[in-house]
Amino acid sequence: MKYGGPFTIIYAMSQQNVSTHWADIYADKIIREKGEKELYTCASGITPSGTVHIGNFREIISVELVVRALRDKGKNVRFIYSWDDYDVFRKVPKNMPNPELLATYLRKPITLVPDTTGRAENYARANEVDVERILPTVGIECEYLYQAERYRSGMYCEGMRTALEKKEEIRAILDEFRTEDLDDDWWPIAVFSSFTDKDTTTILDWDGEWAVTYRDDETGQIETIDLRHTPYAKLPWRLDWPMRWAFEGVDFEPAGKDHHSEGGSFDTSRKMVRVFGAEAPVSFQYDFISIKGRGGKISSSSGEVISLYEVLEVYTPEITRYLFAGTRPNSEFAISFDLDVLKIYEDYDTCERIYFGLQEVNEKRRAKEKRIYELSQVGEVPTEASFQIPFRHLCNLLQLHEGDIERALDTLGEMSESQRERLTVRSRCAWNWITTFSPEDFRYRLMRADDPLVELNDEERSAVQALARVVEVMDEIDDGEYTTGLYDAAKLNGLDTGDFFKLVYRIMIGKERGPKLGPFLKTCGKEKVLSILTRY
RNA sequence: GGGCCGCUAGCUCAGUAGGUAGAGCAACGCCCUUUUAAGGCGUGGGUCACAGGUCCGAAUCCUGUGCGGCUCACCA
């Protein structure tokens, strides 16, 4: 063996074999703080009480990246995602069909609320399904845990009993940060009424074991339930979270900055988890995501939110991952739908070139970009780079072919099957972007035979005909001669070159301006250009 | 009031296991016999908010100050 011994190891570590990517750093931290374990549990979760938006996605992708980092270190990892679908339906969301019907379900668990969009068996499930269906697209596979099901099956009865037993301890932790202390008659569990399914109940008594007596505040009915068998009891959020950490043995779970403030729910949970006999997971705080460049398309007051689905219309799965893998979680960033899209694609391509050694950079940068590229892949890292063309050029090609991706790609020459596949996915995103979000200036369409002709005077007509003769041979002559030909077509017919170019754009794409003419005509190809010019 | 984050080129931001300050855009210049919106090459530009401290060495670590933002203290 060539390698071995402590010196080699130290040398290797000093030579950047240790990744400085945040996901790897947290993976190391988990191993360091939790020790060597047979199985590490990483958790994420959210309430499906509304459309799950891209901000929520940051949490799950952050966990997934750390999970991947742990697995890359040879660790066995359980990746769980808790749907808090035993949460209460507090208000009817905007833009939902049949709001009157929904209003009658307020204060009931969201898992009992009907889905008025008709997509799933209930409201919570509809939101869950949307997410569960799309996550594999970006390479995320996890184990879903449904809180409603678990509470109702009695799985958490021990946790609830523990909460009741340690009521005063828990109260003290919560009161530490409250402006007003909890009421004397506060209880650490919540009960849905078996008469109305609503959470409008008051707990009256606990027998010290499993029996809890409550009153339905609406009907006045009183009932005693057994925590081991009742489907109606649950823990409030600030207790539910630490209880689940203990129950699942969670080693890692990040949280948003709202939770991570002192006195926030992560903070109280961290203190409370000992009540349930466990230690807090390793965590970090992730910041919010904002959206840039969808102005005009939606009104921000309409309540419409951007979900992963919308992002994937414009960004490929790899680039979507890249956005998150390439940004430290504790910094806020915007997902852009405006011209920044071009830069993001170019940045990703640069990252890819560096990974494949097609672009020289210093070693430090290379190591960083390489890791980001790996983590951005949905599945296995490709064995060859993409067929790279500038994103702008791709947009031009697609517009020239009016969105016909197959034909546009056919003009590009030889590429492997995998390259063609990847470029096809990218083309779909590019086309969506062009047609939905690109600036008006960016868009055009080649004129067709049935489009009205532009009126020309004699000089203009002969200039256009002269241009046609240049185009006829443009693939054979050199660039200098070609460019000269373009200008001469105008000059020799007594036209100002600026006016002439405008004229050509009107003829070609019906606009005053367009992509730089020389390269543009070449990209279009002789055939297409002549079919338009020869109309004159 | 507590907590967290940020302050780096004209603009938007990279860059924190300490080791000669980077990119894109903008500007400027040159080239493709004139930018025609999207081409190529190149140049200039920063007291890394401020003040201390640790260190051979600090944008990076520590302390303090200022400014900006977010968040918690109700529910989840």
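All of these numbers come straight from a predicted model, not from anything done at the bench. Numbered from 1 within each chain, the chains take letters A, B, ... in sequence-line order.
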### Task
Please state how far atom CZ in A:Arg32 lies from atom C1' in B:A17, giving the value in whole angstrom units.
11 Å
### Message
Between B:U43 and B:G6, how far apart are the two P atoms, rounded to whole Å?
### Response
33 Å
### Task
Could you check whether A:Tyr487 gets within reach of a base, just the sugar-phosphate, or nothing at all, counting any heavy atom under 4.0 Å?
base
### Task
Could you check how far CG of A:Asp84 sits from C1' of B:C75, rounded to whole Å?
12 Å
## Note on the structure
Out of B:G2, B:C70, B:U36, minimum distance to the side chain of A:Lys257 belongs to B:C70
### Message
Tell me the interatomic distance from A:Gln285, atom CD, to B:G3, atom C1', rounded to whole angstroms.
### Response
9 Å
### Task
Any strand is fair game: report the nucleotide pairing with B:A23 by Watson-Crick or G-U wobble, both distances under 3.5 Å, or none.
B:U12
### Message
Any strand counts, and the cut-off is 3.5 Å on both contacts for Watson-Crick or G-U wobble. Which nucleotide pairs with B:G6?
### Response
B:C67
### Query
Between A:Arg365 and B:A14, does any side-chain N or O lie under 4.0 Å from OP1 or OP2?
no
### Query
Just checking A:Lys368: base, sugar-phosphate only, or nothing, at a heavy-atom cut-off of under 4.0 Å?
sugar-phosphate
### Query
Under 4.0 angstrom, heavy atoms only, what part of the nucleic acid is A:Asp347 near: base, sugar-phosphate, or nothing?
nothing
#### Entry: Pairwise 5' ranking along RNA chain B for A:Gly485 and A:Phe288, keeping only the more 5' one
A:Gly485
### Query
Can a side chain N or O of A:Arg238 be found less than 4.0 Å away from OP1 or OP2 on B:A73?
yes
### Query
Considering heavy-atom distances to RNA chain B, does A:Leu486 or A:Arg328 have its closest nucleotide positioned more toward the 5' end?
A:Arg328
### Task
Evaluate side-chain contact (heavy atoms from CB on, under 4.5 Å) for A:Leu467 paired with A:Phe500, printing each intermediate quantity in order.
CA-CA 10 Å; A:Leu467 176 64; A:Phe500 176 64; 4.1 Å; yes
### Task
Starting at atom CD of A:Glu180, determine the distance to atom P of B:C75, rounded to an integer number of angstrom.
11 Å
### Summary
Rounded to whole Å, the CH2-P distance (A:Trp22 to B:A17) equals 17 Å
### Message
If you only use heavy atoms from C-beta on, which nucleotide in B:U36, B:G3, B:C5 is closest to the side chain of A:Asn330?
### Response
B:C5
### Task
Specify the separation, in whole Å, of atom CZ of A:Phe501 and atom C1' of B:G39.
14 Å
### Query
In terms of ring plane angle, is the pair A:Phe284 and A:Phe252 parallel, tilted or perpendicular, where the classes change at 30° and 60°?
tilted
### Whole-Å distance separating the CG atom of A:Asp240 from the P atom of B:C75
14 Å
### Message
Taking the cut-offs as 6.0 angstrom to the six-membered ring centre and 45 degrees off its axis, would you call A:Lys370 and A:Tyr373 a cation-pi pair?
### Response
no
### Task
Tell me what A:His259 touches on the nucleic acid: a base, only sugar-phosphate, or nothing, going by heavy atoms under 4.0 Å.
base
### Query
Below 4.5 Å, heavy atoms only, C-beta onward: do A:Tyr315 and A:Ser336 meet side chain to side chain?
yes
### Query
Could you give the NE2-to-C1' distance, from A:His21 to B:A17, as a whole number of Å?
15 Å
### Task
May I ask which nucleotide in the shown strands pairs with B:U47, Watson-Crick or G-U wobble, both distances under 3.5 Å?
none
### Task
Respond yes when some side-chain nitrogen or oxygen of A:Thr179 is under 4.0 Å from OP1 or OP2 of B:C74, and no when none is.
yes
### Query
So what does A:Pro390 hit on the nucleic acid, given a heavy-atom distance under 4.0 Å: a base, only sugar-phosphate, or nothing?
nothing
### Task
Look through every strand shown and name the nucleotide pairing with B:G42 as Watson-Crick or G-U wobble, where both distances are under 3.5 Å.
B:C28
### Message
What's the gap between B:C13 and B:C56 when it is taken at their C1' atoms, as a whole Å value?
### Response
32 Å
### Query
Are the aromatic rings of A:His401 and A:Trp431 close, with centres under 6.0 Å apart?
no
### Query
If you draw the axis of the six-membered ring of A:Tyr286, does the NZ or CZ of A:Lys257 fall within 45° of it and under 6.0 Å from the ring centre?
no
### Summary
Regarding the side chain of A:Tyr505, the nearest nucleotide among B:U36, B:G3, B:C74 is B:U36
### Message
Students often mix this up, so state it plainly: with edges at 30° and 60°, are the rings of A:Phe501 and A:Tyr487 parallel, tilted or perpendicular?
### Response
perpendicular
### Query
Using atom C1' of each nucleotide, how far apart are B:A21 and B:U60 to the nearest Å?
12 Å
